[in-house]
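Taking it in order: structure first as structure tokens, then the write-up.
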Amino acid sequence: MTVYDDIYEIVRQIPRGKVATYGQIADLAQLYGKARLVGYALYRVDPKSDIPWHRVVNAKGEISHSSLRYGTDYLQKALLEEEGVEFSPEEKINLRQYLWQAPRQAEDTH
DNA sequence: GTCGTGACTCGAT
DNA sequence: AATCGAGCCACGA
């Protein structure tokens with residue numbers, strides 16, 4: 001059991017057509033201020049996994065990626081568009097509209 | 001064992 | 001509004 005498992009669980013809870021930021025996920029995982037771990041966790045995950053990694057974007061609403069890995073930037077944008085998420089001319093997402101409103105006290109379900 | 005880097009975020013200038 | 005720097009933890013060399 002690692003902190004990554006919590007991150008994965010949270011990412012899986014992101015509803016279709018919504019997006020979440022690294023910082024938000026980190027907060028839900030009780031990792032406030034450690035958003036980099038979230039990015040690292042998603043870096044470790046494979047596109048074929050059950051985790052909707054494409055619904056995770058940075059705080060600016062843009063698609064972030066390390067390097068030219070699998071062209072995941074385009075894939076992510078395509079997947080989000082299929083879910084109904086619109087991109088600005090600058091290829092940004094309007095977080096005011098599409099940001100996932102995480103359930104209150106998600107980290108303390110018991 | 002140390003050192004550097006990374007799908008990030010925030011506060012201050 | 002945009003840019004710079006510091007902070008956080010895990011992993012690879």
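We name chains A, B, ... by the order of the sequence lines, and we start the count at 1 in each one. Just so you know, these numbers use all the heavy atoms, side chains as well, and skip hydrogens, waters and symmetry mates.
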_Please report the distance, rounded to the nearest Å, between CD1 in I7(A) and C1' in dC11(C)._
14 Å

_Atom-to-atom span, OH of Y40(A) to P of dC8(C) - whole angstrom_ = 19 Å

*Protein-nucleotide distance (L42(A), atom CG; dC11(C), atom C1'), rounded to Å*: 15 Å

*How long is the span from the CG atom in L99(A) to the NZ atom in K18(A), to the nearest 0.5 Å?*
8.0 Å

*Would you tell me whether E83(A) and H54(A) have side-chain atoms, one donor and one acceptor, within less than 3.5 Å of each other?*
yes

*Atom OH of Y32(A) and atom P of dG11(B): how far apart are they, to the nearest Å?*
6 Å

*Write down the distance between OH (Y22(A)) and P (dC10(B)), rounded to a whole number of angstrom.*
14 Å

*Could you please name the option among dC10(B), dT9(B), dC9(C) that lies closest to any side-chain atom of T21(A)?*
dT9(B)

*Return yes if some donor-acceptor pair links the side-chain N/O of E86(A) with the main-chain N/O of Y98(A) below 3.5 Å, else return no.*
no

*Between dT9(B), dA10(C), dG12(C), spot the one nearest the side chain of L37(A), thanks.*
dA10(C)

_Under 3.5 Å: donor-acceptor pair, side chain of Q24(A), backbone of W100(A)_ = yes

*Linking Ile, Leu, Val, Met, Phe, Trp and Tyr by side-chain heavy atoms under 4.5 Å, what else ends up with L37(A)?*
none

Provide a list of protein-nucleic acid N or O atom pairs under 3.5 angstrom, restricted to nucleotides 5-7 of chain C.
none

*In whole angstrom, what separates I25(A)'s CD1 from dC8(C)'s C1'?*
16 Å

*Looking only at atom types and distance, does a side-chain atom of Y8(A) sit under 3.5 Å from a main-chain N or O of A41(A), one as donor and one as acceptor?*
yes

*Among dC10(B), dA10(C), dG12(C), find the nucleotide with the atom closest to the side chain of Y4(A).*
dA10(C)

*K60(A) NZ to dT3(C) P: how many Å, rounded?*
10 Å

*When rounded to the nearest 0.5 angstrom, what distance separates CD1 in I51(A) from CD1 in I10(A)?*
11.5 Å

_Spacing of N58(A) atom CG relative to dC10(B) atom C1', expressed in whole Å_ = 13 Å

